[in-house]
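Throughout, protein chains are lettered first and strands after them, A, B, ... in sequence-line order, and every chain is numbered starting at 1.
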2 protein chains.
Amino acid sequence: MSAEIRAIGHNGLMNSRAVIPPRATRSERKRQTREALLEAALEQLEDRGFGSLSLREVARSAGIVPTGFYRHFDGMDELGLALVEESFRTLRQMIRSARAGRTDMTNVIRASVEILVRHVHEHRLHFRFIARERSSGVPVIRRAIHNEIRLFSSELAVDLARMPFLSDWSGEDLHMVSGLLVDTMVSTAEAILDADPGDPAAEREIVRAAEKRLLLIALGVPQWRPAGRESAAAGAATAT
Amino acid sequence: MSAEIRAIGHNGLMNSRAVIPPRATRSERKRQTREALLEAALEQLEDRGFGSLSLREVARSAGIVPTGFYRHFDGMDELGLALVEESFRTLRQMIRSARAGRTDMTNVIRASVEILVRHVHEHRLHFRFIARERSSGVPVIRRAIHNEIRLFSSELAVDLARMPFLSDWSGEDLHMVSGLLVDTMVSTAEAILDADPGDPAAEREIVRAAEKRLLLIALGVPQWRPAGRESAAAGAATAT
DNA sequence: ACTTTCGGTGCACAGATGTTCACCGAACTC
DNA sequence: GAGTTCGGTGAACATCTGTGCACCGAAAGT
């Protein structure tokens with residue numbers, strides 16, 4: 001059944017349900033309160049882990065009664081998984097915009113970091129959620145996030161393989177570097193989330209450091225197994 | 001130690017403390033139950049975040065009654081901060097042993113990763129604690145861990161400054177690379193913690209990837225501003 | 001041998017939590 | 001227009017939580 005009426009997007013960040021949407025089809029209203037539940041959970045993650053969220057409190061600040069919660073999810077875990085899905089949907093959207101603007105690669109590093117930072121600001125709560133729950137708390141959510149990130153890293157490896165100076169790299173090495181890049185980006189996102197919003201100096205410092213990190217990694221790439229032979233020989237790497 | 005649940009609702013005259021060393025000075029026994037509380041908390045972090053730990057449950061599995069908890073900490077937060085301190089004490093101990101064995105630096109990477117892995121196994125619960133609570137949950141604990149890690153990164157920067165090929169680096173750049181190294185190590189530790197113990201193949205893979213990451217970073221170092229002036233060496237990433 | 005200190009106990013309380021159940025009324029189906 | 005679906009309600013439950021209080025008994029101090 002298509003026929004979805006598209007009303008205005010969402011009701012802003014207000015934590016209470018405020019006034020009831022006057023006119024809406026039933027499934028549309030259901031979708032709205034479902035979104036309100038997700039939003040309420042995201043907001044309450046400011047000073048608590050997902051595992052310490054209470055169903056009642058989430059329902060309350062979403063504007064419904066505790067038992068109404070079960071009309072949408074059959075427990076907090078399912079709500080959490082929905083949050084993972086939603087968060088990574090916006091993340092993939094970020095990747096798309098990153099791929100879109102990659103005409104020249106002279107400043108690919110700067111551009112990537114800038115896109116990352118912009119999306120962290122635009123979807124702060126989503127990033128905070130995955131940053132917070134990535135390593136912590138409820139196992140099922142941790143697993144889900146880890147799977148998404150791994151998948152994500154694999155996609156980046158495929159992208160990297162297309163680049164000229166990486167075209168002859170082994171799959172294992174490609175995945176290594178993509179993993180390193182992803183982890184670096186994750187660290188950067190976490191740093192930005194921790195730095196308080198409204199302090200542009202601190203954020204610029206983070207961005208600066210992130211760009212340097214990525215540049216350092218990029219500088220290592222041409223030196224990777226320069227002779228095609230094995231072996232590490234860290235000290236052996238010489239300048240051109 | 002005694003993680004067993006005391007099923008009976010009202011304990012009669014059963015000595016709940018299990019067996020304790022019969023002879024001990026009072027302050028020594030206090031230290032012991034304090035340690036039991038810390039241990040109990042660490043163990044219960046397996047499938048929950050620190051924020052969802054309950055004072056009662058921790059006290060129970062430590063073998064004391066809930067109110068007895070307050071003889072040692074005045075709340076779970078303080079217990080958490082004690083855990084942070086304890087955990088980083090063992091971490092610094094690791095660093096010392098890392099510094100001890102650095103005779104030759106041909107395989108400094110391999111040696112570092114190996115030390116990291118060994119300590120993760122030896123102090124699994126401590127590492128799991130800081131990995132879990134690093135980004136999540138209770139703000140006060142998160143801050144404490146972040147401060148420790150930042151301090152830690154600074155110390156590493158000082159160490160790096162002593163190395164010949166890094167001696168002329170600026171403080172900012174040194175801190176950048178130390179931060180990158182620390183984050184990489186943290187990621188490696190998290191990966192090892194996630195991989196189940198007893199699967200040596202998976203772990204070898206993680207170690208292998210970690211060594212490659214560090215090598216790639218190391219290979220970038222000699223290329224870092226080779227002429228001392230602007231102009232990043234590889235055409236990879238300069239821009240305005 | 002006395003007094004003090006203090007880690008640990010037991011009880012009690014008010015509040016919060018997840019989940020059940022029967023019920024309502026407006027939106028949907030026919 | 002009659003009947004059904006279904007998102008939301010409110011009361012009730014058993015259970016768990018953190019914390020205050022008075023008390024105990026043995027170790028420590030004198």
Side-chain angles (χ1 to χ4, degrees), chain A residues 1-5 7 16-38 40-41 44 48-80 82 138, chain B residues 2 5-38 40-41 44 48-80 82 138:
Chain A
M1 316 308 174
S2 51
E4 276 197 4
I5 300 179
S16 70
R17 292 269 280 119
V19 283
I20 320 154
R23 274 297 139 218
T25 166
R26 186 151 70 183
S27 66
E28 171 60 16
R29 291 185 60 154
K30 174 167 185 177
R31 200 193 58 81
Q32 279 183 333
T33 69
R34 190 188 129 107
E35 203 61 35
L37 286 169
L38 294 171
Q44 298 198 347
R48 335 169 60 192
F50 182 84
S52 355
L53 290 192
S54 94
L55 183 152
R56 289 180 101 104
E57 201 170 349
V58 168
R60 189 183 319 139
S61 89
I64 63 174
V65 92
T67 55
F69 182 95
Y70 296 104
R71 302 295 184 193
H72 302 269
F73 310 97
D74 63 35
M76 285 295 290
D77 283 14
E78 197 172 298
L79 185 271
V138 196
Chain B
S2 65
I5 302 173
R6 194 167 314 288
I8 39 182
H10 55 290
N11 58 353
L13 295 176
M14 298 281 292
N15 184 2
S16 54
R17 290 276 287 124
V19 276
I20 31 180
R23 275 297 143 224
T25 166
R26 186 149 70 182
S27 67
E28 171 60 17
R29 291 184 61 154
K30 174 166 183 177
R31 201 194 57 82
Q32 279 183 332
T33 68
R34 190 189 130 107
E35 204 60 36
L37 285 169
L38 294 171
Q44 297 197 349
R48 336 169 61 192
F50 182 84
S52 357
L53 290 192
S54 96
L55 181 151
R56 290 183 99 104
E57 201 170 347
V58 168
R60 190 184 319 141
S61 90
I64 63 174
V65 91
T67 56
F69 181 95
Y70 296 104
R71 302 296 184 192
H72 302 269
F73 310 97
D74 62 37
M76 285 295 289
D77 283 15
E78 197 172 297
L79 185 270
V138 197

Taking only Lys NZ, Arg NE, NH1 and NH2, and the carboxylate oxygens of Asp or Glu, determine whether A/Glu35 and A/Lys30 approach each other closer than 4.0 Å. no

Just how far, in rounded Å, is P of C/dT9 from CZ of B/Phe69? 14 Å

Protein-nucleotide distance (B/Arg29, atom CZ; C/dT9, atom P), rounded to Å: 10 Å

Would you kindly give the CD-to-C1' distance between A/Gln32 and C/dA27, to the nearest whole Å? 15 Å

Counting only distance, no hydrogens or angles, is the base of C/dG7 paired donor-acceptor with the side chain of B/Thr33 under 3.5 Å? no

In whole Å, what is the span from the CG atom of B/Leu79 to the C1' atom of D/dG18? 14 Å

The answer to which of B/Gly68 and A/Glu57 contacts DNA chain C further toward the 5' end, by nearest nucleotide, is B/Gly68

Between P on C/dC6 and CG on B/Asp74, what's the gap in Å once rounded to a whole number? 17 Å

Can B/Arg31 and B/Glu28 be counted as an ion pair, charged N to O under 4.0 angstrom? yes

Nearest whole angstrom, please: distance from the C1' of D/dC16 to the CD of B/Gln44. 14 Å

For the backbone of B/Ala36 and the side chain of B/Thr33, can you confirm whether one donor and one acceptor N or O come within less than 3.5 Å of each other? no

When you measure from the side chain of A/Arg26, which nucleotide among C/dA26, D/dT9, D/dA27 comes out closest? C/dA26

A/Phe73 and A/Glu78 have their tightest heavy-atom pair at CA-OE2, 3.8 Å

Name the residue closer to the 5' end of DNA chain D, choosing between B/Ser54 and B/Thr67 according to the nucleotide with the nearest heavy atom. B/Ser54

For atom OH of A/Tyr70 and atom P of C/dT20, their distance in whole Å: 7 Å

Where is the tightest heavy-atom contact between A/Ala41 and A/Leu53, given as atom of each residue plus distance? O-CD1, 3.7 Å

Nearest whole angstrom, please: distance from the P of C/dG18 to the CZ of A/Phe73. 15 Å

Start at the 5' end of DNA chain D and walk down; is the nucleotide closest to B/Arg56 or to A/Arg71 reached first? A/Arg71

A/Lys30 has its side chain closest, among C/dT9, D/dG7, D/dT9, to D/dG7

